[in-house]
Asks: 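Handing you a structure now.
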Amino acid sequence: MVDGVNPAQSPADLRLERRIFAASHGRDLTPEERETLERIRPPRTYPVRLAVQSYDGPIAMLPIAQLYVRDVPDLSPPEGKDLLQVLWCPFDHPIMPRTLLFWRSAAAVTDILDTPPEPPAVQFDGYLPEPCVLEPEQITEYPDHLELSEELREQLRQWSVPQAAQEDMNTETYYDCVLSNAPGWKVGGWPAWDAVDPSPRHCSECGTGMEVLMTIATFEEGDDAGNSWSPHPHPGAGPYPGHRGYNATGVQIGSGYRQHLFVCPADPEHPHIELMT
């Protein structure tokens with residue numbers, strides 16, 4: 001079901017829209033381009049009542065990531081598995097797409113589709129990922145300051161005073177943006193607590209404390225992080241309409257947030273948890 005405020009678009013139209021904006025970067029749109037864009041997103045007159053769209057039958061999921069243990073050693077898969085496939089629904093459930101995790105053995109994947117099935121529509125442009133080639137980089141990051149003891153937070157405040165002043169930040173912002181938590185897509189590491197406060201998350205099957213498996217991010221670099229976490233841009237990567245900064249994937253979570261996937265370290269195949277921060 002799709003609300004009447006945000007009409008869903010077909011994947012083909014969304015890709016065409018992106019190609020037009022990329023091709024017209026730095027120049028005015030041609031009459032043909034404007035006509036195509038208006039067909040994809042007709043001008044509206046407000047107020048207006050839009051019919052609610054519905055789709056009968058199953059909806060194909062969209063692939064989000066395919067990760068091999070040989071490339072990402074920190075995956076910690078179930079025994080006998082060396083491949084993780086992450087898919088999501090192209091509609092809100094609510095405020096972000098619902099994800100599915102598939103742990104597989106790469107050697108057992110033999111029947112590969114040339115053209116995977118696609119949904120008839122996508123609720124938001126940012127729910128249709130752009131194909132990307134991964135370039136994994138192993139880094140070290142630290143917990144958000146909200147997860148630290150008050151004693152350690154005070155030590156960091158004292159230690160960070162000159163660096164924070166140089167960057168025109170307060171000490172906690174400096175630690176969070178420059179030192180503690182890398183922006184962008186990542187496997188493992190620590191969650192960022194921009195929108196909600198930290199709280200324990202336990203496995204619904206066995207009660208074990210959950211850990212971050214993966215972060216799906218809108219941006220590859222933060223607004224306040226300077227150059228400390230800047231990636232190497234790939235030719236032709238973003239930005240796309242409605243996105244700021246470097247965005248190779250075309251994905252947008254909320255108005256620019258992250259979607260963390262938490263899994264049970266005792267058994268990664270136990271139900272996972274999603275959280276937007």
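None of the values given here were measured: they were computed from a predicted structure.
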Asks: In this structure, are over 12 heavy atoms from other groups packed under 6.0 Å from Tyr257 atom OH?
Replies: no
Asks: Applying side-chain hydrogen bond (donor to acceptor under 3.5 Å, both in side chains) between Asp125 and each of Gln9, Arg18, Arg41, report the one that passes.
Replies: Arg18
Asks: Arg19: what forms a salt bridge (charged side-chain N to carboxylate O under 4.0 Å, His left out) with it, not counting sequence neighbours?
Replies: none
Asks: Looking only at the side chains, is there a donor atom on one of His260 and Thr277 sitting less than 3.5 Å from an acceptor on the other?
Replies: yes
Asks: In terms of hydrophobic clustering (I, L, V, M, F, W, Y; side-chain heavy atoms under 4.5 Å; direct or indirect links), are Val109 and Leu100 co-clustered?
Replies: no
Asks: State whether the side chain of Glu220 and the backbone N or O of Ala248 hold a donor-acceptor pair below 3.5 Å, judged by distance alone.
Replies: no
Asks: Keeping the roles fixed (side chain from Trp88, backbone from Tyr127), state whether a donor-acceptor pair exists under 3.5 Å.
Replies: yes
Asks: May I ask you to decide if Pro97's main-chain N or O and Gln259's side chain share a donor-acceptor pair within less than 3.5 Å?
Replies: yes
Asks: Same cluster for Val263 and Phe102 if Ile/Leu/Val/Met/Phe/Trp/Tyr side chains link at under 4.5 Å?
Replies: no
Asks: Could you grab the distance from atom CG of Leu213 to atom NE2 of His272, nearest 0.5 Å is fine?
Replies: 8.5 Å
Asks: Could you state the interatomic distance from NE2 (His202) to SG (Cys264), rounded to the nearest 0.5 Å?
Replies: 11.5 Å
Asks: The test is side-chain contact (heavy atoms from CB on, under 4.5 Å); show your working for Phe124 and Gln252 and say whether it passes.
Replies: CA-CA 9 Å; Phe124 298 108; Gln252 181 166 336; over 6 Å; no
Asks: Which heavy atom in Tyr175 sits nearest to a heavy atom in His145, and how many Å separate them?
Replies: CE2-N, 3.7 Å
Asks: Excluding sequence neighbours, so at least two apart, what forms salt bridge (charged side-chain N to carboxylate O under 4.0 Å, His left out) with Glu33?
Replies: Arg27
Asks: Are the side chain of Glu141 and the backbone N or O of Ala182 linked by a donor-acceptor pair below 3.5 Å?
Replies: yes
Asks: Applying side-chain contact (heavy atoms from CB on, under 4.5 Å), run through Lys186 and Val212 and close with a yes or a no.
Replies: CA-CA 10 Å; Lys186 59 189 178 184; Val212 176; over 6 Å; no
Asks: Could you see if Leu156 belongs to whatever hydrophobic cluster contains Leu146? Use Ile, Leu, Val, Met, Phe, Trp, Tyr and a side-chain cutoff under 4.5 Å.
Replies: no
Asks: For Met210 versus Pro271, what's the shortest heavy-atom pair and its separation?
Replies: CE-O, 3.5 Å
Asks: Quick check for you: to the nearest 0.5 Å, what is the distance between Met214 atom CE and Glu274 atom CD?
Replies: 12.0 Å
Asks: Taking atom CH2 of Trp185 as the centre, does the number of heavy atoms from other residues, nucleotides or ligands within less than 6.0 Å exceed 12?
Replies: yes
Asks: I'd like to know if the side chain of Gln123 reaches the main chain of Asp92, judged simply by a donor and an acceptor atom lying under 3.5 Å from each other, with no hydrogens or angles considered.
Replies: yes
Asks: For Glu151, I'd like to know if atom CD has over 12 heavy atoms of other residues, nucleotides or ligands within 6.0 Å.
Replies: no
Asks: Report yes if some heavy atom in the side chain of His270 is under 4.5 Å from a heavy atom in the side chain of Thr208; otherwise report no.
Replies: no
Asks: Might you work through the side-chain contact (heavy atoms from CB on, under 4.5 Å) test for Trp193 and Leu275, ending with a clear yes or no?
Replies: CA-CA 10 Å; Trp193 300 108; Leu275 179 68; 3.4 Å; yes
Asks: Give the table of side-chain donor-acceptor pairs shorter than 3.5 Å for residues 57-72, with sequence neighbours excluded, one pair per line with atom names and distance.
Replies:
residue	atom	partner	partner atom	Å
Gln66	OE1	Gln85	NE2	2.7
Gln66	NE2	Tyr68	OH	3.4

Asks: I need the Lys81 NZ to Ser76 OG distance, nearest 0.5 Å.
Replies: 14.5 Å
Asks: Atom OG of Ser180 and atom CD of Glu172: how far apart are they, to the nearest 0.5 Å?
Replies: 10.5 Å
Asks: Please confirm whether the backbone N or O of Ile253 pairs with a side-chain atom of Thr218, one donor and one acceptor, at under 3.5 Å?
Replies: yes
Asks: Between Glu118 and Pro116, is there a side-chain heavy-atom distance shorter than 4.5 Å?
Replies: no
Asks: Verify side-chain contact (heavy atoms from CB on, under 4.5 Å) between Tyr142 and Leu148, making sure each step is shown before the conclusion.
Replies: CA-CA 10 Å; Tyr142 301 95; Leu148 304 177; over 6 Å; no
Asks: Could you tell me whether the side chain of Asn181 and the main chain of Pro191 form a donor-acceptor pair under 3.5 Å?
Replies: yes
Asks: What heavy-atom pair brings Phe91 and Ala121 nearest, and what distance separates the two atoms?
Replies: CZ-O, 3.5 Å
Asks: For the side chain of Asp144 and the backbone of Asp176, is there at least one donor-acceptor N/O pair under 3.5 Å apart?
Replies: no
Asks: Keeping Asp82 on the side-chain end and Ala106 on the backbone end, is there a donor-acceptor pair under 3.5 Å?
Replies: yes
Asks: Could you give the distance from OG1 (Thr171) to CD (Gln158), rounded to the nearest 0.5 Å?
Replies: 8.5 Å
Asks: Should Trp159 and Met169 be counted in the same cluster of Ile, Leu, Val, Met, Phe, Trp and Tyr side chains packed under 4.5 Å apart?
Replies: yes
Asks: Over all heavy atoms of both residues, which pair between Pro11 and Leu128 is shortest? Give the atoms and the distance, please.
Replies: O-CD2, 3.7 Å
Asks: With clusters defined by side-chain heavy atoms of hydrophobic residues (ILVMFWY) lying less than 4.5 Å apart, directly or transitively, does Leu75 cluster with Ile216?
Replies: yes
Asks: Could you pull out the closest heavy-atom pair between Cys89 and His93, with the gap in Å?
Replies: SG-NE2, 3.2 Å
